[in-house]
Amino acid sequence: MLYATAARLSTHVHMTDYFGIYLARWRLTPDGAPIFTHSSKLLPVRWKGQAAMLKVTESVEERAGALVMVAWAGHGAARVLAHGEDALLMERAEGIASLADLARSGADDTASRIICGVVEKLHAHQHGASWCSVVSLDHWFRELDPAAVRYGGVLSLAADTARYLLATSQEAVVLHGDIHHGNILDFGPRGWLAIDPKGLMGERGFDYANLFCNSDHEMATKPGRFLRQLDVVAQAAALPRVRLLQWVLAYAGLSAAWTLGDGNKPETALSVAELAAKELREIETGRKSSS
């Protein structure tokens, strides 16, 4: 009984401290327990009878992503209901389906095609997005070169590949920046929609690279899965196979650099980088043999 009371008091304090001003401003009713991540504080709420999610953050990155969400205006992304300063109020996903569960249950191809369809919608709706405080991919990749110098191996190849891609950038759009199975949710009648963009600007192929590091280590490294998904995504996204492979290698290297920087082991990212590098070598060897 004491524990339950303490939990309620703690939740009340959190709501007052982090959400109170916005609960009053937008006349919101709490509709669940608060959720705390490394960069944001979220609270399920009701807004005019509608299920919504209130997100409060002090992260510059998350604020930039919020402006991108506003610009997308519900096209491929959750619809923004209100925003201001540090807060974003958006429609809440209430569907029970999960793309990660779909992939693990034998429908990996279907999950990847759904994700590619959502990304296509985001990239197609660029009206108003160009004014957002987006970050260039050149800046986003800034931690890869130092990691490559320090650790070498496949990270050096990933860094070389990233420099080539950035120097030959094509089809630049406002990117989501963190496309994976957990950032595209089931919104019921509205279908599958994206949340939590980073607000980047660069070549559209970048947004498809993270799919290969998901949905988990077992899936990402499952024998035969990488090449199968390479074909699925290249076709669904209308991307050249080699260019997609290069983005996968570059992104996996960057992901590994971030993970190493946090003091953790980047097994999945390094495994995916090695798979991409191996396929690129085989393609290059095949080209030389046929010339």
Side-chain angles (χ1 to χ4, degrees), residues 1-74 76-102 118 122 132-133 135 176-200 210 214-216 258-259 262-264:
M1 203 52 197
L2 285 173
Y3 178 82
T5 302
R8 286 199 296 272
L9 287 173
S10 175
T11 299
H12 176 72
V13 170
H14 288 325
M15 289 185 185
T16 301
D17 289 351
Y18 302 121
F19 308 114
I21 184 175
Y22 299 106
L23 290 172
R25 178 183 300 177
W26 294 326
R27 299 181 181 179
L28 308 174
T29 303
D31 194 35
I35 304 164
F36 297 91
T37 72
H38 71 283
S39 62
S40 304
K41 303 163 185 70
L42 300 99
L43 181 68
V45 296
R46 307 295 297 187
W47 177 79
K48 299 181 179 179
Q50 177 180 345
M53 184 68 76
L54 174 61
K55 180 178 182 178
V56 179
T57 183
E58 295 179 358
S59 164
V60 173
E61 179 184 291
E62 293 292 336
R63 290 175 181 174
L67 292 178
V68 173
M69 289 279 285
V70 173
W72 277 333
R79 186 181 291 115
V80 174
L81 307 173
H83 68 99
E85 293 101 33
D86 303 335
L88 181 75
L89 181 68
M90 58 186 169
E91 61 180 318
R92 190 193 334 157
E94 293 191 291
I96 61 173
S98 157
L99 288 179
D101 289 345
L102 196 64
V118 170
L122 299 178
C132 296
S133 300
V135 174
H176 180 285
D178 193 23
I179 289 292
H180 59 74
H181 293 67
N183 268 349
I184 296 178
L185 305 180
D186 176 11
F187 279 77
R190 290 255 293 136
W192 295 96
L193 301 173
I195 60 168
D196 291 346
K198 300 304 177 188
L200 309 181
N210 194 18
N214 281 272
S215 58
D216 54 38
W258 286 335
T259 305
D262 290 336
N264 298 314

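Every heavy atom of this structure was used, including side-chain atoms; hydrogens, water molecules and symmetry mates were not. Fair warning: this is a prediction, and the values are worked out from it, not measured in the lab.
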Task: Trace of the side-chain contact (heavy atoms from CB on, under 4.5 Å) decision for Glu91 with Met53 - done: CA-CA 6 Å; Glu91 61 180 318; Met53 184 68 76; over 6 Å; no

Looking at [X] and [Y], what are the two nearest heavy atoms and their distance?
X	Y	result
Ala100	His181	N-CB, 4.0 Å
Pro44	Ala33	CD-O, 3.3 Å
Ala93	Phe187	N-CE2, 3.4 Å
Val45	Pro30	CG1-CA, 4.2 Å

### Query
Hey, mind stepping through Trp47 and Leu89 against side-chain contact (heavy atoms from CB on, under 4.5 Å) and telling me if it holds?
CA-CA 9 Å; Trp47 177 79; Leu89 181 68; 3.6 Å; yes

Is Arg27 atom CZ crowded by more than 12 heavy atoms from other residues, nucleotides or ligands, each under 6.0 Å away?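 For Arg27, atom CZ is not crowded (no more than 12 foreign heavy atoms under 6.0 Å).
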
Might you confirm whether atom CD of Glu58 has over 12 heavy atoms from other residues, nucleotides or ligands at distances under 6.0 Å?
->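 Counting neighbours around CD of Glu58, 12 or fewer heavy atoms of other residues, nucleotides or ligands fall under 6.0 Å, so no.
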
Measuring from [X]:[atom1] to [Y]:[atom2], what's the distance to the nearest 0.5 Å?
X	Y	atom1	atom2	value
Ile35	Leu43	CD1	CG	8.0 Å
Arg46	Arg92	CZ	CZ	6.0 Å
Leu122	Ile179	CG	CD1	6.0 Å
Glu62	Lys55	CD	NZ	3.5 Å
His180	Asp216	NE2	CG	13.0 Å
Lys48	Thr29	NZ	OG1	13.0 Å

Check whether [X] reaches the backbone of [Y] with its side chain - one donor and one acceptor, N or O, closer than 3.5 Å.
X	Y	result
Thr57	Ser39	yes
Asp101	Ala97	no
Asp86	Val56	no
His176	Ile195	yes

Exercise. Taking the side chain as every heavy atom from C-beta outward, state whether Asp186 and Trp192 have any atom pair closer than 4.5 Å.
Key: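 With C-beta onward as the side chain, the pair touches.
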
Heavy-atom distance under 4.5 Å between the side chains of Arg79 and Arg190, does that happen here?
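Yes. Closest side-chain heavy atoms under 4.5 Å.
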
_side-chain contact (heavy atoms from CB on, under 4.5 Å) between Trp72 and Leu193, worked out_ = CA-CA 11 Å; Trp72 277 333; Leu193 301 173; over 6 Å; no

Review point. Going through the distances and angles, do Asp196 and Asp178 end up as a side-chain contact (heavy atoms from CB on, under 4.5 Å)?
Key: CA-CA 8 Å; Asp196 291 346; Asp178 193 23; 5.6 Å; no

Aromatic rings Phe19 and Phe36: how do their planes relate, parallel, tilted or perpendicular, breaks at 30° and 60°?
-> tilted

